[in-house]
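Contents: one structure, followed by commentary.
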Amino acid sequence: MSLEEGMRRAAQLLSSSHYAVALTGAGVSTESGIPDFRSPGGLWSRYDPSEFATLSSFLEDPSRFYRAASEFLSVFTAEPNEGHRALARLEEMGILKAVITQNVDGLHQAAGSKRVVELHGNLRECRCLSCGRLFPIEVLAEKIVQRGEIPPLCGECGGLLKPNVVFFGEALPGEALREAFELVRRCDLLLVAGSSLAVSPANFLPPMAVEAGAELLIVNEEPTPMDAFASVVIRGKTGKVLPELVERVGKLSRD
Ligand code: NAD
């Protein structure tokens, strides 16, 4: 299918859907300057995930995690890009009912998306692994950046502070996972944007949607394991493709 044909069919699918839901990954935020994991040059090419992004490795040597995480500081100053804004616009138009995201950067909300289900937690908060208290992430950032306190410790009990994000080997937040399953079972169109679909259990969602009878639309720079099951695959940058889809959907509704 040519790019033009793919764009045309994708816009039709979106405008004729009754309950479209998006599933996003790190790819939607690369154009905001946040590196993803699996693109060439992404974090995976420089760090072994088993060495810093699993709960057991974090507990074994938190300093190693915090040193690698300094590459991720762009998350705190990043701004939403045209791809995030296009998804917010689709929600405003009444087409998209929710965004389920694997991202922890909060950029969908910053772009104006209202219903955002965060499968992997968020970087707005950090948690003390001893007393369980939650603090704003600024508390952790100040300790690391201003005071060089690595690993950062809880001001109340001296326990280890961890960003409130899900590490490999950790369970996903139950409420978010339940909501995601419910949305995917109900949707008639699942739009996957900027995800390699390599991370479980988020990558269970597209097959679940297809099995329940939904159309699958994938916008990603590289192939994914679900491409063969998609009604339309568009290979391109979300910051370019999604705004163009919004424009086409708007035009279809005016015609
Ligand atoms: P991933 O790194 O596995 O895959 C990203 C995919 O996006 C790749 O297939 C790549 O080809 C594609 N991509 C990159 N830039 C793109 C663009 N501009 N337009 C279209 N496609 C683009 O990411 P994932 O599937 O989300 O899984 C990785 C895990 O990493 C997730 O659990 C996520 O929580 C976490 N993560 C989050 C962030 C963030 O919050 N911004 C950043 C890095 C990693």
Side-chain angles (χ1 to χ4, degrees), residues 3 6-7 10 22-50 52-55 65 68-87 99-111 113 116-125 137 163-173 176-177 180 190-206 217-227 230 232-245:
L3 179 63
M7 292 295 289
L23 169 65
T24 66
V28 293
S29 294
T30 54
E31 288 164 89
S32 293
I34 304 173
D36 65 2
F37 279 171
R38 290 176 184 80
S39 283
L43 293 174
W44 259 204
S45 60
R46 278 166 287 145
Y47 297 99
D48 177 350
S50 65
F52 88 105
T54 63
L55 185 59
F65 166 80
S70 60
E71 283 228 21
F72 215 64
L73 289 176
S74 54
V75 158
F76 296 108
T77 48
E79 301 277 345
N81 63 52
E82 291 306 315
H84 296 108
R85 279 192 274 275
L87 292 174
V99 176
I100 302 168
T101 189
Q102 300 168 80
N103 295 345
V104 295
D105 54 33
L107 292 183
H108 286 301
Q109 294 91 327
S113 286
V116 181
V117 180
E118 294 175 314
L119 285 179
H120 294 165
N122 68 75
L123 271 177
R124 292 181 295 278
E125 301 161 327
I137 198 73
N164 198 19
V165 298
V166 176
F167 282 12
F168 288 92
E170 273 191 290
L172 267 56
L177 196 57
L190 184 68
L191 160 60
V192 174
S195 176
S196 62
L197 295 179
V199 177
S200 303
N203 64 356
F204 297 164
L205 297 173
L217 164 58
I218 297 180
V219 180
N220 204 58
E221 273 194 310
E222 290 175 293
T224 82
M226 282 303 288
D227 287 3
V232 181
V233 177
I234 298 174
R235 197 99 45 243
K237 289 203 180 293
T238 49
K240 184 163 184 297
V241 173
L242 296 176
E244 201 177 319
L245 283 178

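Keep in mind that this is a model prediction, so the values were computed, not measured. Order of listing sets the numbers, starting from 1, for every ligand and every atom in it.
- Under a 4.0 Å criterion applied to the non-hydrogen atoms of Ser29, ligand 1 contributes the atoms 41 (N).
- Short contacts between ligand 1 and Asp105, defined as distances under 4.0 Å to a heavy atom of the residue, involve ligand atoms 39 (C), 40 (O), 41 (N).
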Q: Would you sort out whether Glu82 and Lys240 count as a side chain to side chain contact (heavy atoms under 4.5 Å, CB included), showing the intermediate values?
A: CA-CA 7 Å; Glu82 291 306 315; Lys240 184 163 184 297; over 6 Å; no
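- Not one N or O on the side chain of Asn220 forms a donor-acceptor pair closer than 3.5 Å with the backbone of Pro223.
- For Glu221 and Lys237, the salt-bridge test passes: some basic side-chain N is under 4.0 Å from an acidic carboxylate O.
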Q: Apply salt bridge (Lys or Arg N to Asp or Glu O under 4.0 Å) to the pair Glu79 and Arg85, showing each step before the final yes or no.
A: CA-CA 11 Å; Glu79 301 277 345; Arg85 279 192 274 275; over 6 Å; no
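- Closest heavy-atom approach to atom 6 (C) of ligand 1 among the candidates Ser196, Ser200, Pro223: Ser196.
- Heavy-atom separations between Gly236 and ligand 1 include at least one value shorter than 4.0 Å.
- Across Ala78, Ala198, Ala26, Gly121, heavy-atom proximity to atom 24 (P) of ligand 1 is greatest for Ala26.
- An N or O contact shorter than 3.5 Å links Val104 to ligand 1 by distance.
- Listed by chain and residue number, Asp36, Asn103 satisfy the side chain to side chain contact (heavy atoms under 4.5 Å, CB included) test with Ala26 (two or more places apart in sequence, or in another chain).
- For Arg235 and Asp227, the salt-bridge test passes: some basic side-chain N is under 4.0 Å from an acidic carboxylate O.
- Every N/O-N/O distance between Lys237 and ligand 1 stays at or above 3.5 Å.
- Under a 4.0 angstrom heavy-atom cut-off, Pro35 registers as being in contact with ligand 1.
- There is a side-chain donor-acceptor pair under 3.5 Å between Thr24 and His108.
- Of all atoms in ligand 1, listed by their number and element, those nearer than 4.0 Å to a heavy atom of Val199 are 27 (O), 28 (C).
- Per-residue contacts place Gly25 under 4.0 angstrom from the following atoms of ligand 1 (heavy atoms of the residue considered): 26 (O).
- Of the heavy atoms in Thr238, both backbone and side-chain atoms come closer than 4.0 Å to ligand 1.
- Set against the non-hydrogen atoms of Gly194, the atoms of ligand 1 under 4.0 Å away are 5 (C), 6 (C), 7 (O), 21 (N).
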Q. Given the rule in the side chain to side chain contact (heavy atoms under 4.5 Å, CB included) test, do Met7 and Val232 qualify, once you have shown the distances and angles that lead to the verdict?
A. CA-CA 8 Å; Met7 292 295 289; Val232 181; over 6 Å; no
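- Distances from atom 34 (O) of ligand 1 to the heavy atoms of Glu31, Glu222, Gln102 show the closest one on Gln102.
- Judged by distance alone, the side chains of Asn81 and Glu31 never bring a donor and an acceptor atom under 3.5 Å apart.
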